[in-house]
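Each residue takes its place number in the sequence, starting with 1.
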Amino acid sequence: MDPALHDFGEFIADSLSREVLETKIECNELIVAVHREAIVKVLKFLRDDVNCQFKQLLDVCGVDYPHRDDRFDVVYNLLSLTHNRRIRLKVRTDEETPVPSATGVFVSANWWEREAWDFF
């Protein structure tokens with residue numbers, strides 16, 4: 001395990017102690033589980049904090065775990081070119097509860113509307 005990555009995960013958990021549920025490292029990647037209602041705050045922090053500078057949202061995707069009550073994970077993959085780092089955020093939700101939109105933080109979160117508009 002990369003000690004710097006572990007320390008970075010601790011920095012995020014300490015800085016956002018109320019918003020972060022868990023940090024872990026899998027396959028040498030930092031994964032941060034976040035409270036659903038705090039995702040916008042966490043994304044803004046990771047974008048704007050000088051120690052983070054995750055200025056690029058690379059991907060937003062979802063995973064379905066039918067056996068769980070909160071069966072869906074919304075997954076955000078971010079990149080910091082400044083620090084040459086990636087981070088993955090995960091938020092759990094169910095069929096009824098929407099996840100706050102990331103479009104106010106990253107324009108790229110709205111890619112599908114632009115693509116659909118260009119297509120038509």
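- For the pair V32 and E22, the minimum side-chain heavy-atom distance is 4.5 Å or more.
- Applying the salt bridge (charged side-chain N to carboxylate O under 4.0 Å, His left out) test to R85 and every residue at least two apart in sequence or in another chain returns nothing.
- For the atom pair I39 CD1 and T93 OG1, the distance stands at 11.5 Å (nearest 0.5 Å).
- How far OG1 of T23 is from CG of L89: 11.5 Å, rounded to the nearest 0.5 Å.
- Between L58 and R86, some side-chain heavy-atom pair lies under the 4.5 Å cut-off.
- Side-chain atoms of T82 and S80 form no donor-acceptor pair, as typed in the model, at a separation below 3.5 Å.
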| field | Chi angles and distances behind the side chain to side chain contact (heavy atoms under 4.5 Å, CB included) call for F106, L78 | value | CA-CA 10 Å; F106 293 103; L78 305 176; 4.0 Å; yes

| task | For side chain to side chain contact (heavy atoms under 4.5 Å, CB included), just list the numbers for Q56 and L81, CA-CA rounded to whole Å, side-chain angles, deciding distance to a tenth of an Å, and then say yes or no. | result | CA-CA 8 Å; Q56 294 184 345; L81 290 172; 3.7 Å; yes

| field | Audit row: D7, L5, side chain to side chain contact (heavy atoms under 4.5 Å, CB included) steps and yes/no | value | CA-CA 5 Å; D7 291 345; L5 197 56; over 6 Å; no

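- Within the 3.5 Å criterion, the main-chain N or O of V50 finds a donor-acceptor partner in the side chain of H83.
- Every residue two or more places apart in sequence or in another chain that forms a salt bridge (charged side-chain N to carboxylate O under 4.0 Å, His left out) with E29 is listed here: R88.
- Transitive grouping of hydrophobic side chains (ILVMFWY, heavy atoms separated by less than 4.5 Å) brings V99 and V20 into a common cluster.
- Under a hydrophobic clustering in which Ile, Leu, Val, Met, Phe, Trp and Tyr are joined whenever their side-chain heavy atoms come within less than 4.5 Å, directly or via other members, L79 and Y76 fall into different clusters.
- Under the salt bridge (Lys or Arg N to Asp or Glu O under 4.0 Å) criterion, the residue pairs touching residues 41-52 are E19-K41, with sequence neighbours excluded.
- At least one donor-acceptor pair closer than 3.5 Å links the side chain of S108 to the backbone N or O of L57.
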| field | Derivation and outcome, side chain to side chain contact (heavy atoms under 4.5 Å, CB included), residues V91 and V75 | value | CA-CA 7 Å; V91 174; V75 182; over 6 Å; no

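- Salt bridge status for D73 with R68: present, with a side-chain N to carboxylate O gap under 4.0 Å.
- Considering only heavy atoms from C-beta on, D69 stays 4.5 Å or farther from D94 through its side chain.
- Residues I25 and H6 meet the side-chain proximity criterion, which asks for heavy atoms closer than 4.5 Å.
- Evaluation of the salt bridge (charged side-chain N to carboxylate O under 4.0 Å, His left out) rule for R71 yields D64, E95 as partners, not counting sequence neighbours.
- Both L16 and V40 are members of a single hydrophobic cluster when ILVMFWY side chains are connected at heavy-atom separations under 4.5 Å.
- Pairing each heavy atom of A102 with each of L43, the nearest pair is CB-CD1, 3.6 Å.
- Separating the CD atom in E37 from the OG1 atom in T97 is a distance of 10.0 Å, to the nearest 0.5 Å.
- Distance check, rounded to the nearest 0.5 Å: CD of E96 to CG of D70 gives 11.5 Å.
- Atom CD1 of residue I87 and atom CZ of residue F54 lie 4.5 Å apart, to the nearest 0.5 angstrom.
- Under the 4.5 Å side-chain heavy-atom criterion for ILVMFWY residues, no single connected hydrophobic cluster contains both I31 and I12.
- With sequence neighbours excluded, the residues forming a side chain to side chain contact (heavy atoms under 4.5 Å, CB included) with S15 are F11, F45, listed by chain and number.
- Applying the salt bridge (charged side-chain N to carboxylate O under 4.0 Å, His left out) rule to E26 yields the partners K24; only residues at least two apart in sequence or on another chain are considered.
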